[in-house]
Amino acid sequence: MTLKLLAEVSPQELLQALAELQNHMLGYVKSMSLRCVVDLGIPEAIHLRGGTATIANIEADAKVHPGKVADLQRVMELLTTSGIFTATAGAGDGDTVVYGLTTACRFLVGWCNLSPMVPFCVNPLVVSSFFSMPEWFRTEPEATGAASLFELAHGCSQWEMVSKDARFNDVLNNSMAADSQVFLEVIIVDKGRIFRGLRSLVDVGGGNGAGTQVIAKAFPRIKCTVMDLPHVVVAGQAAARDDNLSFVAGDMFESIPSADAVLLKNILHDWGHDDCVKILQRCKEAIPARNAGGKVIIIDMVRGSANGDRKINEMEAIQNSFMMYITGVERDEIEWKRIFSDAGFSDDYKILPVLGPYSVIEIYP
């Protein structure tokens, strides 16, 4: 930093800039701390105590060693200042801190929550992929044989990894199931009309069927089918509880079972433009004409809805950069429209925002 800049910038501005840089350099400590408290069951423990707990309560419920309580307090302080927990002085004892759950933390507790996504997003196989970014940017894919950061780091694609690593397969599928379950509950309450009138639906890449079960329960007249890879389907069949839910193994690049509608929940953002076109062409072959009720329902991010909100802008940008680990991408409406057109779908699509950029898109043959 030049002396001129030091003279031009106030000490407060310098401090803010240093804090911003420090937060970027050590941002992973927040992620690791979040995974730690989820693995220890701390948010759920506070929830089960009625929403508040002292450090002594948390120590007992999470089975933290007494010699590590001071360190636990440091982690709780970090996650309090970063918006996961609240902290207030206990009644009648100024030295006692009572921890509570923020709105953000409530996504990690209860029956329908996103906590299984944390072990996936902060999984060693995923996180270590990003250590290869400089090499990945400087090397042609053909030179390494690796198309993605994950492949460069681990010598195989994420999809190949889940087929041979049962533990990672469980982590990924549990994450997908939690995400689908939560967002489909929200969608049915807010945008449930998209499923009305359907007699059949295929959920492509629906994993163990947790999200599809939400649809099957809300719309028992719809014959729901989950299509996924063989090893995923076996696990889903064992857990299925609905008579109107079935499973079929398949490859979405080859063919998709016929139905009134095809559902793609967080599928297309995993793939590049050409692969998305191929997937949608198979979807188009599986559904009837529009006047017979045929459509594809896409649940995915549509970037560009932040309207100047820095937090939302940053979230979109982080999510978009995160998807680089498997050469995925988050798209804006123009990019989506180009894919729909190239796959042979009508220009008369509908984008229905659910939570900001998280949207339902209906496209028609």
Side-chain angles (χ1 to χ4, degrees), residues 147-148 150 156-166 168-177 179-181 184 195 198-216 219 222-289 292-300 326-328 339-340 342-345 361-365:
S148 69
F150 192 98
C156 66
S157 72
Q158 174 178 259
W159 317 115
E160 292 169 325
M161 182 66 78
V162 296
S163 69
K164 61 186 181 182
D165 186 329
F168 185 56
N169 178 61
D170 288 344
V171 168
L172 175 60
N173 284 322
N174 290 341
S175 173
M176 292 172 57
D179 183 53
S180 293
Q181 199 169 6
L184 280 166
F195 298 110
L198 296 177
R199 294 164 301 173
S200 57
L201 176 143
V202 176
D203 185 357
V204 174
N208 63 13
T212 327
Q213 286 180 34
V214 174
I215 301 171
F219 300 94
I222 300 177
K223 181 184 177 182
C224 295
T225 302
V226 174
M227 175 182 165
D228 214 310
L229 298 172
H231 68 279
V232 179
V233 164
V234 170
Q237 288 172 327
R241 298 193 182 103
D242 295 277
D243 293 336
N244 59 326
L245 176 61
S246 60
F247 290 79
V248 60
D251 182 343
M252 62 187 173
F253 290 100
E254 297 295 330
S255 67
I256 293 170
S258 297
D260 289 341
V262 175
L263 174 65
L264 298 167
K265 164 73 173 67
N266 280 355
I267 299 298
L268 297 182
H269 76 161
D270 289 345
W271 302 94
H273 178 97
D274 292 344
D275 284 329
C276 286
V277 169
K278 291 176 186 175
I279 294 167
L280 288 179
Q281 287 172 337
R282 300 295 82 75
C283 292
K284 191 168 182 284
E285 294 166 356
I287 59 176
K295 63 182 177 180
V296 178
I297 301 168
I298 299 166
I299 302 174
D300 231 315
I326 53 170
T327 64
I339 289 171
F340 304 154
D342 289 352
F345 282 81
I361 311 172
E362 286 185 308
I363 62 174
Y364 314 98

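Along the sequence shown, residues carry numbers from 1. Values in this document were obtained by computation on a predicted structure and should not be read as measured data.
For the atom pair CG (D270) and CG (D275), the distance works out to 10.5 Å, reported to the nearest 0.5 Å. One finds the CD1 atom of I279 at 11.5 Å from the CD atom of E254 (value rounded to the nearest 0.5 Å). From K284, atom NZ reaches atom OH of Y364 across 15.0 Å, with rounding to the nearest 0.5 Å. With rounding to the nearest 0.5 Å, the separation of CG in N266 from CD1 in I299 is 8.0 Å. Atom CG of D203 is separated from atom CD1 of I256 by 11.0 Å, given to the nearest 0.5 angstrom. In this structure, CG on L198 lies 5.0 Å from NZ on K295, to the nearest 0.5 angstrom.
Here the side chain of N173 pairs no donor or acceptor atom with the backbone of G207 at under 3.5 angstrom. Using modelled atom types, no side-chain atom of T225 and backbone atom of S246 make a donor-acceptor pair closer than 3.5 Å. Judged purely by atom type and a 3.5 angstrom limit, D165 has no side-chain atom pairing as donor or acceptor with the backbone of M161. With hydrogens and angles disregarded, no donor-acceptor distance shorter than 3.5 Å links the side chain of S180 to the backbone of A177. Between the side chain of D260 and the main chain of G293, no donor-acceptor pair closer than 3.5 Å is present.
Looking at heavy atoms from C-beta onward, I361 lies in side-chain contact with F340 at the 4.5 angstrom threshold. For the pair I363 and L280, the minimum side-chain heavy-atom distance is below 4.5 Å. Residues N244 and F219 are not in side-chain contact: their nearest non-hydrogen atoms beyond the backbone lie 4.5 Å or more apart. Taking 4.5 Å as the limit, some side-chain heavy atom of I287 sits within range of a side-chain heavy atom of P365. Side-chain contact between C156 and K164 is present, with at least one heavy-atom pair separated by less than 4.5 Å. Looking at heavy atoms from C-beta onward, M252 lies in side-chain contact with I267 at the 4.5 angstrom threshold. Taking 4.5 Å as the limit, every side-chain heavy atom of S163 sits out of range of all side-chain heavy atoms of N169. By the 4.5 Å heavy-atom criterion applied to side chains, V262 and M227 are not counted as neighbours.
Looking at every heavy atom in both residues, A259 comes nearest to S200 through CA-OG, 3.3 Å. Across C276 and L268, no two heavy atoms sit closer than the pair SG-O, 3.2 Å. In plain terms, the two heavy atoms of A286 and P257 that are nearest each other are CB-O, 3.5 Å.
Ring geometry for W271 against F253 counts as perpendicular: the plane angle is over 60°, on a 0 to 90° scale with 30° as the lower cut.
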Candidate pair D300 and L264, rule side chain to side chain contact (heavy atoms under 4.5 Å, CB included), full reasoning: CA-CA 8 Å; D300 231 315; L264 298 167; over 6 Å; no
Stepwise side chain to side chain contact (heavy atoms under 4.5 Å, CB included) check, L263 with I215: CA-CA 11 Å; L263 174 65; I215 301 171; 3.7 Å; yes
Full working for side chain to side chain contact (heavy atoms under 4.5 Å, CB included) between I297 and F195: CA-CA 9 Å; I297 301 168; F195 298 110; 4.0 Å; yes
D342 and H273: CA distance, side-chain angles, deciding distance, side chain to side chain contact (heavy atoms under 4.5 Å, CB included) verdict: CA-CA 9 Å; D342 289 352; H273 178 97; 2.8 Å; yes
